[in-house]
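One structure is given here, and the rest of the page talks about it.
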Amino acid sequence: MILLGLSGTGKTSLAPVLAERLGFEAVDIDALVEARFGCPISEIFDRFGEPVFRAAERQALVTACARAGVVIAAGGGIVLDEANWVTMRPGSVLVHLQATPQTIVERLQRQWASDPRYFRPLLRGHDPVRRVEALWRERAPLYARADLVVQTDGQVLEHLARHLEVAVRARARSGLVPVTSIGGATGRSDIYVAPGLLHHLGALARQRFRTARAAFIIGDAAVWRNWGETVYKAFEAAEYQVRWTTVPPGEESKSLTEAQRLLDWLLDERINRGDFVVALGGGVTGDLAGLVASLVLRGVGFVQVPTTLLAMVDASVGGKTAVNHPRGKNLIGTYYQPHLVVVDPVVLRTLPADELRSGWAEVVKHAMIEVTATGQSSTILLSMLEAASPEATASEEGWLAEVIRRNIEVKAAVVQADERETGLRRILNYGHTLGHAIEAAGYRYRHGEAVALGMRAVARMAASLGIATWELVDRQERLLDRLGLPRWFEGSQEEVLERLAYDKKGVGGQLTWILPVRAGEVTVTQDVPWERVLWALGTLRRGAASTPIVG
């Protein structure tokens with residue numbers, strides 16, 4: 001839990017009382033900074049200036065948020081830095097403490113009188129109340145991002161702590177705490193995962209877009225029939241004007257023609273810069289709506305509400321948007337982080353079995369890259385999948401939520417390190433170089449099915465080159481088989497090779513390959529002989545041998 005608010009609202013006093021009730025530890029950011037410099041905040045400002053203090057404050061916050069079971073009393077100006085919001089958001093409940101300007105000034109004057117070291121710049125001059133009022137007007141929109149608001153005027157600390165304990169525990173149980181946040185050039189992406197969140201969609205959006213007037217929903221037509229009314233009512237309950245339209249299901253909707261139609265619709269409906277676009281559907285809808293949101297009025301708010309497993313674990317996270325081109329998949333697009341991602345596994349109840357099966361390919365992909373992505377010592381996700389019963393993968397929403405959270409954490413770690421795919425983010429293309437070409441060769445395979453075939457091929461390629469063991473290949477094969485993903489490619493090999501020539505991730509005319517090394521570890525290389533690529537693609541033919549001819 002993190003306590004926010006102007007100086008004098010009671011953060012430092014309340015933190016230890018609340019921490020004791022929760023069984024947590026109290027951490028004061030100002031105290032951490034003062035310990036680092038060996039002098040009070042006022043002296044740090046006078047000797048080193050505000051930029052130095054803010055940098056030290058940012059680092060202290062990172063250190064504090066890395067600890068589990070803490071109540072953090074944050075400095076009054078910590079909300080000014082967007083990077084701090086990325087640090088604070090994942091897994092935390094943010095509480096805004098408020099007090100009247102007169103109360104704040106009286107508290108600060110008492111503190112100063114009891115210890116002259118704690119003079120605050122707000123007290124300079126003859127009218128500190130007016131300065132507090134001006135500071136409040138400046139920072140109020142930032143404090144409004146908090147999850148809970150508490151007035152501290154005239155309140156007893158024990159009563160405040162009891163009230164907050166109940167509210168925080170209830171919020172944690174409901175899933176209304178983000179699992180992670182991603183900071184990028186186009187903004188902060190807050191990601192929530194829990195069964196039942198669809199009903200809280202409007203409230204989560206209102207928290208993220210406090211002053212927005214209208215929500216513009218772009219829904220997959222098939223999804224809208226099942227969940228459209230729930231989503232509409234959730235936004236309506238949050239007092240948004242709701243506008244909606246649908247797009248036909250399927251890859252054909254990812255076109256410049258459909259993007260143009262949606263742009264016309266948004267402009268006809270008089271969208272403004274304070275409004276936001278909502279994508280309700282799978283990866284196709286998310287990619288299309290994200291592109292449109294990034295373009296209209298040079299970018300408006302964007303909310304992802306993924307309704308397929310594939311979109312939940314992959315497409316809705318990371319900020320890639322795109323439509324297809326006759327020469328290849330996803331060739332026209334932008335990088336645009338969704339400002340809010342709301343994942344509710346309950347919607348998977350209406351997902352066709354073959355679509356759910358397709359989504360498992362991206363889950364396996366994240367398991368195969370997890371160690372490289374996160375820097376941890378071993379793969380957690382791969383073991384979770386191998387230990388699960390087939391029934392769990394199909395129906396247990398609690399287990400699904402945990403798997404989805406873990407997938408998102410893996411992808412978020414990569415995206416946070418490399419938003420625009422200049423380095424580490426390339427590992428997210430494990431299985432995709434061939435997979436995209438297989439998918440684009442007639443679109444007879446769903447995205448996840450094509451990626452599964454791509455993963456089978458690159459694992460065999462790696463083993464044939466001596467980079468991975470055949471035991472690792474077999475381990476991946478067994479998992480893909482158990483999840484019902486295809487083993488054989490039935491299309492035109494020539495068409496796949498033609499699509500490979502347009503791979504947008506190629507560098508200097510050479511294809512980039514992500515090859516497995518060990519469980520959870522991959523390597524990025526362009527050093528794969530063409531004949532080995534042809535051989536790996538050939539092993540996907542029904543009846544073909546999957547072991548190489550040496551020499």
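Any value given below was found using the heavy atoms of this structure, including those in side chains, with hydrogens, waters and symmetry copies removed.
Residues Trp85 and His339 keep their aromatic ring centres 6.0 Å or farther apart.
With sequence neighbours excluded, the residues forming a side chain to side chain donor-acceptor pair (under 3.5 Å) with Gln241 are Arg213, Arg243, listed by chain and number. Looking at residues two or more places apart in sequence or on another chain, you find a side chain to side chain donor-acceptor pair (under 3.5 Å) between Glu251 and Asn324, Lys329.
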Would you please test Glu229 and Lys233 for salt bridge (Lys or Arg N to Asp or Glu O under 4.0 Å) and show each step?
CA-CA 6 Å; Glu229 184 178 1; Lys233 287 182 176 178; 2.9 Å; yes

Passes salt bridge (Lys or Arg N to Asp or Glu O under 4.0 Å), Glu82 versus Arg145? Steps please.
CA-CA 12 Å; Glu82 193 63 32; Arg145 297 178 180 180; 3.1 Å; yes

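In this structure, Phe209 and Phe276 have parallel ring planes: the angle between them is below the 30° cut-off, well short of the 60° mark.
When the options Ser181, Cys65, Ser92 are evaluated for a side chain to side chain contact (heavy atoms under 4.5 Å, CB included) with Thr87, the one that passes is Cys65.
Using a 4.0 Å cut-off between a side-chain N of Lys or Arg and a carboxylate O of Asp or Glu, Arg499 and Glu439 do not qualify as a salt bridge. For the pair Asp81 and Arg58, the salt-bridge criterion is met [side-chain N within less than 4.0 Å of a carboxylate O]. With respect to Asp190 and Arg188, a salt bridge is recorded, a charged nitrogen being found less than 4.0 Å from a carboxylate O. Here Asp147 pairs with Arg89 in a salt bridge; the nearest charged N to carboxylate O distance falls below 4.0 Å. Under 4.0 Å is where a charged nitrogen must lie from a carboxylate oxygen, and between Glu258 and Lys254 no such pair does.
Remark: the backbone N or O of Ala215 is not paired with any side-chain donor or acceptor of Asp275 at under 3.5 angstrom.
Pairing each heavy atom of Asp287 with each of Ala322, the nearest pair is CB-O, 3.3 Å.
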